[in-house]
Amino acid sequence: MMFSIVIPLFNKSSYILRSVKSVLVQSFQDFELLLVDDGSTDDGVELLEKEIKDPRLRIIRKENGGVSSARNRGIAEAKYNYICFLDADDIWHPEFLKSIAQTISIHPNLEIIGVRFEEVPDGSSVNFNKELLDSQQDAIKLKDYFKRASKSALFHSSSTMVRKDVFEKVGKFDEKLSHGEDIDMWFRIMLNVGEAYYIPKYLSYYFVGNSEQATSKLPPLGKHLVGSLFLKYKHQYLNMKVPYFKEFVNEYLLVNLRPFYMRDSEQKQVENILSELVAAGGKINWFYRFPRCMVKGIYYFKKRFI
């Protein structure tokens, strides 16, 4: 069993060595590591070339096209059927690949698997022993993904393995999106695959709060998944009988449309999306029913002081 590991890189020179080293120290060593440089302008690639001499590391350079473009290039270049993703500022526990390999050996038909991930404040150290093997629970087969995901994220761009042939079924990452492109992929996969599993152990660490994170800045609505989510999945919303799918989509829209609703330039677009949602049988909450001037005051007060 071999893994292809894809790391998209854009101007993360302060973090990339940490991420790559967390791969190289894996207890399971059968992998190739594809570092896709998405047109970086810093010295991250030079640092890797100087510090890392492992022949399994392959650096692929391309013009800047965004994180989805970089991941898609990695998928295309991958030699092996099991593809793991890791962001350039995150890390894995040394047992990450071994745990996934063991699960695949037990469930050879699985198509996607996620592990539990922990959010870590940037600059903090990671306790690799925290709750890792305290839980002896086996991997869970996800039969009610959207119900579980409404309570906590099960997949993350640094905690997930996808079988390569799955992308032939559902397509690649949407290169038009700069935010939520990974969630869009998990949606498509979970609406189309047969076997998905989740390992409830901390094996991936997602660093939050660093100034280089692309997700720290709100993009235009058209670049965020929430701007196109309902149109993308309207057919499934109206016709599919996937448990809790409608409830998940409804909640995702109501929560993630809020900051865009506060923008005068995008208020009308948000209202159009909500009108489509209601016409399809969805529901809106008080945030969108109250006068916008009142809601806007509450929103910015909470954002500033709470």
Side-chain angles (χ1 to χ4, degrees), residues 5-27 33 35 38 40 42-44 47-48 51-52 66-67 70-71 84-97 99-100 114-135 148-161 177-183 185-186 198-219 223-226 251-252 255-256 258-259 262 299-306:
I5 299 159
V6 176
I7 300 181
L9 173 66
F10 180 71
N11 289 353
K12 296 285 181 69
S13 61
S14 300
Y15 307 96
I16 187 59
L17 279 175
R18 178 181 69 184
S19 296
V20 168
K21 288 178 179 179
S22 81
V23 175
L24 298 180
V25 300
Q26 290 293 300
S27 60
L33 175 53
L35 191 291
D38 191 38
S40 295
D42 63 8
D43 62 347
L47 279 171
L48 286 175
E51 299 288 336
I52 306 297
V67 67
R71 290 197 189 109
C84 298
F85 298 99
L86 177 63
D87 288 348
D89 49 0
D90 297 335
I91 64 173
W92 287 341
H93 189 283
E95 299 294 305
F96 177 90
L97 287 179
S99 296
I100 289 180
V115 307
R116 191 176 184 183
F117 63 90
E118 182 178 12
E119 292 188 357
V120 182
D122 187 50
S124 301
S125 59
V126 172
N127 176 11
F128 280 140
N129 294 319
K130 180 184 177 184
E131 294 186 34
L132 173 60
L133 298 176
D134 292 345
S135 170
R148 288 176 175 270
S150 66
K151 297 177 181 178
S152 63
L154 300 178
F155 300 134
H156 180 268
S157 53
S158 291
S159 69
T160 304
M161 186 286 298
L177 300 177
S178 64
H179 290 60
E181 76 291 330
D182 53 341
I183 297 172
M185 177 57 71
W186 316 145
Y198 174 73
I199 300 174
K201 299 173 183 176
Y202 287 114
L203 292 165
S204 177
Y205 300 88
Y206 165 51
F207 286 85
V208 295
N210 80 67
S211 60
E212 297 177 19
Q213 281 182 318
T215 52
S216 63
K217 296 179 180 179
L218 194 67
K223 289 284 188 179
H224 196 295
L225 173 62
V226 75
E251 184 65 18
Y252 183 88
V255 171
N256 290 282
R258 287 180 179 180
M262 296 297 97
Y299 178 83
Y300 285 114
F301 176 83
K302 290 179 68 176
K303 191 172 181 180
R304 182 173 181 183
F305 297 108
I306 299 179

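A quick note: this is a predicted structure, and the numbers were derived from the prediction, not measured.
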Under 3.5 Å donor-acceptor, His156 side chain and Gly114 backbone: no
Aromatic plane relationship, Phe117 with Tyr206 - under 30° parallel, 30 to 60° tilted, over 60° perpendicular: perpendicular
N/O donor-acceptor pair under 3.5 Å between Ser13 side chain and Gly44 backbone: no
Rounded distance [0.5 Å steps], CG in Leu48 versus CG in Asp43: 9.5 Å
Euclidean distance, Ile100 CD1 relative to Gln26 CD, rounded to 0.5 Å: 9.0 Å
Partners meeting side chain to side chain contact (heavy atoms under 4.5 Å, CB included) with Ala149 (sequence neighbours left out): Tyr145, Phe248
Donor-acceptor pair, side chain of Ser22 and main chain of Trp92, under 3.5 angstrom: yes
Point-to-point distance, once rounded to the nearest 0.5 Å, from NZ of Lys201 to CZ of Phe96: 13.5 Å
side-chain hydrogen bond (donor to acceptor under 3.5 Å, both in side chains) involving Ser157 - partner list, sequence neighbours excluded: Asp87
Side chain to side chain, Phe207 and Ile91, heavy atoms closer than 4.5 Å: yes
Which atom of Arg148 lies closest to which atom of Leu154, heavy atoms considered: CB-CD1, 3.6 Å
Shortest non-hydrogen contact between Leu86 and Pro8, atoms and distance: O-CD, 3.4 Å
Partners passing ring pair (Phe, Tyr, Trp, His ring centres under 6.0 Å) against Phe85 (at least two apart in sequence or in another chain): Phe173
Spacing of CZ belonging to Arg116 relative to OH belonging to Tyr198, to within rounding of 0.5 Å: 6.0 Å
Spacing of OG belonging to Ser40 relative to CG belonging to Asn11, to within rounding of 0.5 Å: 4.5 Å
Partners meeting side-chain hydrogen bond (donor to acceptor under 3.5 Å, both in side chains) with Glu181 (sequence neighbours left out): Arg71
Asn256: side chain to side chain contact (heavy atoms under 4.5 Å, CB included) partners, not counting sequence neighbours: Val226, Tyr252
Any residue meeting side-chain hydrogen bond (donor to acceptor under 3.5 Å, both in side chains) with Ser150, in chain and number order, not counting sequence neighbours: none
Derivation and outcome, side chain to side chain contact (heavy atoms under 4.5 Å, CB included), residues Val115 and Ser99: CA-CA 9 Å; Val115 307; Ser99 296; 5.8 Å; no
Separation of Tyr205 OH from His93 NE2 (nearest 0.5 Å): 5.0 Å
For Ser158, all residues meeting side-chain hydrogen bond (donor to acceptor under 3.5 Å, both in side chains), sequence neighbours excluded: Asp90
Pairing residues for Ala88 by the side chain to side chain contact (heavy atoms under 4.5 Å, CB included) criterion, not counting sequence neighbours: Ile7, Leu9, Lys12, Ile16
Salt bridge (Lys or Arg N to Asp or Glu O under 4.0 Å) involving Asp182 - partner list, sequence neighbours excluded: none
Donor-acceptor contact present, side-chain Glu118 to main-chain Leu203, <3.5 Å: no
